[in-house]
Amino acid sequence: MASLEISHINKFYGATQALFDVSLSIGKGEFVTLLGPSGSGKTTLLKILAGFESVSDGAITLGGRNITELKPEVRNFGLVFQGYALFPHMTVRDNIAYPLKVRRLPRDQIETRVREMLDLVQLTRFIDRRPSELSGGQQQRVALARALVFKPDVLLLDEPMSALDKKLRVDLQEELRQIHQTLGTTFINVTHDQEEAMHMSDRIAVMNHGRIEQFDTAFNLYRNPASRFTADFIGKSNIFAGEMVRGASGLDFRGDALEVQLGLTDRPQGRVDLMVRPEDITILTEAPDAGRVALAAEVLHSTYSGDRALYALRLGSGKEISAYGAARSGIHAAGAKVFASFAPGDVTLIG
Amino acid sequence: MSRIIYWSSLVFAFFFLVAPLLIVLPLAFNDSSFLTYPMDGFTFRWFEVFFTAPPWLASLMNSLKVALGTMIVALLVGGMAAMGTMLMGKWGQLVLSALFVSPIVIPSVVLGVAMAYAFGRMGVGGGYLSLVMAHTILAAPLVFLSVMTSLKGLDPELDRAAASMGASRWYRFQTVTLPLAMPGFATGALFAFITSFDEVVVALFLASPQSQTLPITLFSSLRDRLEPTIVVVALLLSIVSCLFIIALNRLQKRGETRN
């Protein structure tokens with residue numbers, strides 16, 4: 001397995017540290033996304049992988065071979081840029097043929113490979129156009145074809161969709177996934193768009209302030225975030241600070257605004273955060289049976305989106321939470337007194 | 001209000017810059033050896049003089065030779081200086097740019113005397129070589145500036161993209177940087193040519209009778225015998241300049257559509 005191992009990378013710019021002990025183990029053929037807000041270090045990490053930035057400390061190996069010091073030209077990594085970076089003075093054909101000409105392939109082979117790639121990205125009829133005659137989405141697909149035509153070991157994508165409108169983005173995400181499945185190349189994508197990350201990736205590395213917060217599947221990131229940052233960053237969440245205290249059948253959660261009987265035996269006592277996703281909360285007009293947690297709340301406002309409504313609720317303690325409610329038979333008005341209810345099994349403890 | 005300013009500036013510029021030319025140029029076709037109005041009649045006689053009488057055509061050829069030589073050497077020197085400077089850091093670029101542009105601010109009289117003296121000592125004075133070398137010093141900064149401008153306008157990601165596809169530095173330069181910076185080189189070449197073609201001060205110090213350039217012939221005939229032939233020369237030079245300006249415009253437009 002020619003896996004990509006990133007181990008203990010630190011990166012300093014003068015006195016400021018951009019990356020802190022970053023380690024990732026990426027399997028061959030995996031689709032991994034580096035996800036984080038701007039300034040999280042995701043782009044720095046991508047530049048290091050591409051060879052445009054050096055590491056201050058740490059190593060990168062590909063299939064056991066150390067490539068940390070290799071120049072970009074000899075890495076054999078494909079790269080798709082945010083601004084496409086197509087050569088404006090060349091046709092689509094010449095753009096895609098460029099890496100093959102560099103490798104001195106025979107002319108007829110170049111033509112065959114170029115046509116194969118154009119077929120893959122469905123742009124065959126634009127082969128003789130200049131990049132300036134193509135739309136943004138088409139340009140990005142040419143850039144993709146150009147970065148893949150030389151069969152790179154790894155394809156790096158630097159916020160490839162950020163310049164496209166939403167509809168196009170969704171189409172291209174789907175296309176990118178299919179291309180990934182067809183070719184089986186390792187893809188490493190950088191984005192700040194969590195939806196894009198969740199739609200396309202096998203695994204997502206959530207980054208914050210130069211550190212990897214969590215590296216896991218979209219499902220695990222969403223259901224079992226390892227940190228408060230991940231819980232906040234991926235999807236909507238309600239987080240209650242509190243601590244684990246001894247209860248009747250194990251440890252229970254006790255916070256300012258609520259108590260939840262969990263009866264856990266497999267974790268220590270002490271400070272902890274409790275997270276409930278808004279879709280796990282049910283909005284009731286009467287207090288539910290015992291066994292479910294119920295918090296008295298007042299509706300602040302709601303956002304109706306047809307299939308459901310997102311409510312902002314204020315709890316008795318003054319804390320505001322969000323919850324999805326079915327909206328088939330009407331919407332709770334602002335000021336209505338309700339109960340926000342959830343099952344103890346649907347909560348996640350963080351920390 | 002802005003319309004008034006626009007039109008008055010236009011009229012002013014016309015009278016100040018264009019009207020004198022329009023008054024003088026018809027005299028190229030005047031059938032009299034004096035530069036006076038009213039015109040005596042219409043003739044191509046002075047064009048014939050330009051293309052047949054001894055000093056004119058020879059000095060035009062000299063000027064073309066020197067200007068072409070200057071263009072080539074200035075392209076090499078200025079172009080390479082610009083490309084080297086682009087590889088430097090921010091401060092290196094500042095210092096080198098200042099140095100490479102500095103010949104522009106030296107008075108050409110000073111440069112002419114210095115050159116005449118230096119070439120005389122080396123024994124290469126008077127020939128085309130000395131003229132080309134001296135004009136290159138004046139023209140190379142212009143090439144440097146125009147190439148720098150077009151290199152700075154290039155998207156640095158293009159070079160990175162080419163590198164990620166395995167292209168070596170030299171291959172990237174040939175296939176990406178150079179073609180895209182071409183408008184800058186072409187503009188610089190035109191500037192170099194024009195600079196040399198109508199340079200008179202340095203040429204006065206350096207040229208021998210055999211390598212006398214067109215501006216020198218113009219200058220001396222202005223002093224000796226004021227003939228309509230010089231108006232012919234002025235007319236021809238104006239046409240050449242206009243062609244150059246059109247060419248420059250075309251180049252700029254091409255550069256814009258590419259980026």
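If you're wondering where the values come from, they're calculated on a predicted model, not measured in any experiment. Letters go in sequence order (proteins before strands), and every chain restarts at 1. These values consider heavy atoms only, across backbone and side chains, with no hydrogens, waters or symmetry-generated copies.
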Might you point out which heavy atoms bring [X] and [Y] nearest each other, and give the distance in Å?
| X | Y | answer |
| --- | --- | --- |
| Phe52(A) | Ala163(B) | CE2-CB, 4.3 Å |
| Pro88(A) | Leu180(B) | CG-CD2, 3.6 Å |
| Glu157(B) | Gly83(A) | OE1-N, 4.1 Å |
| Val102(A) | Gly166(B) | CG1-O, 3.3 Å |
| Ala167(B) | Glu73(A) | O-CG, 3.2 Å |

I need the Leu158(B) CG to Tyr84(A) OH distance, nearest 0.5 Å.
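The CG atom of Leu158(B) sits 14.0 Å away from the OH atom of Tyr84(A).
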Rounded to the nearest 0.5 Å, what's the gap from CG on Asn95(A) to CE on Met165(B)? Could you check?
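Going from CG on Asn95(A) over to CE on Met165(B), the span is 7.0 Å.
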Do the non-hydrogen side-chain atoms of Tyr98(A) and Val176(B) ever get within less than 4.5 Å of each other?
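Yes, side chains in contact.
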Taking the side chain as everything from C-beta on, heavy atoms only, tell me whether His89(A) gets closer than 4.5 Å to Met182(B).
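Not touching, per the 4.5 Å side-chain cut-off.
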Under 4.5 Å from a heavy atom of chain B, the part of [X] involved:
| X | value |
| --- | --- |
| Leu100(A) | neither |
| Phe77(A) | backbone |
| Lys101(A) | both |

I'd like to know which of Gly78(A), Pro99(A), Pro152(A) tops the heavy-atom pair count under 4.5 Å against chain B.
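Heavy-atom pair counts peak at Pro99(A).
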Options Gln82(A), Arg146(A), Met90(A), Lys71(A), ranked by heavy-atom pairs under 4.5 Å with chain B, top entry
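Among the listed options, the one with the most contacts to chain B is Arg146(A).
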Taking the six-membered ring of Phe81(A) (Phe, Tyr or Trp), confirm whether the NZ or CZ of Arg160(B) is under 6.0 Å from its centre and within 45° of its axis.
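Judged by the rule (NZ or CZ under 6.0 Å from the ring centre, within 45° of its axis), Arg160(B) is not positioned above Phe81(A).
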Please determine whether the number of non-hydrogen atoms from other residues, nucleotides or ligands lying under 6.0 Å from atom [atom1] of [X] exceeds 12.
| X | atom1 | value |
| --- | --- | --- |
| Glu69(A) | CD | no |
| Arg103(A) | CZ | yes |
| Phe191(B) | CZ | no |

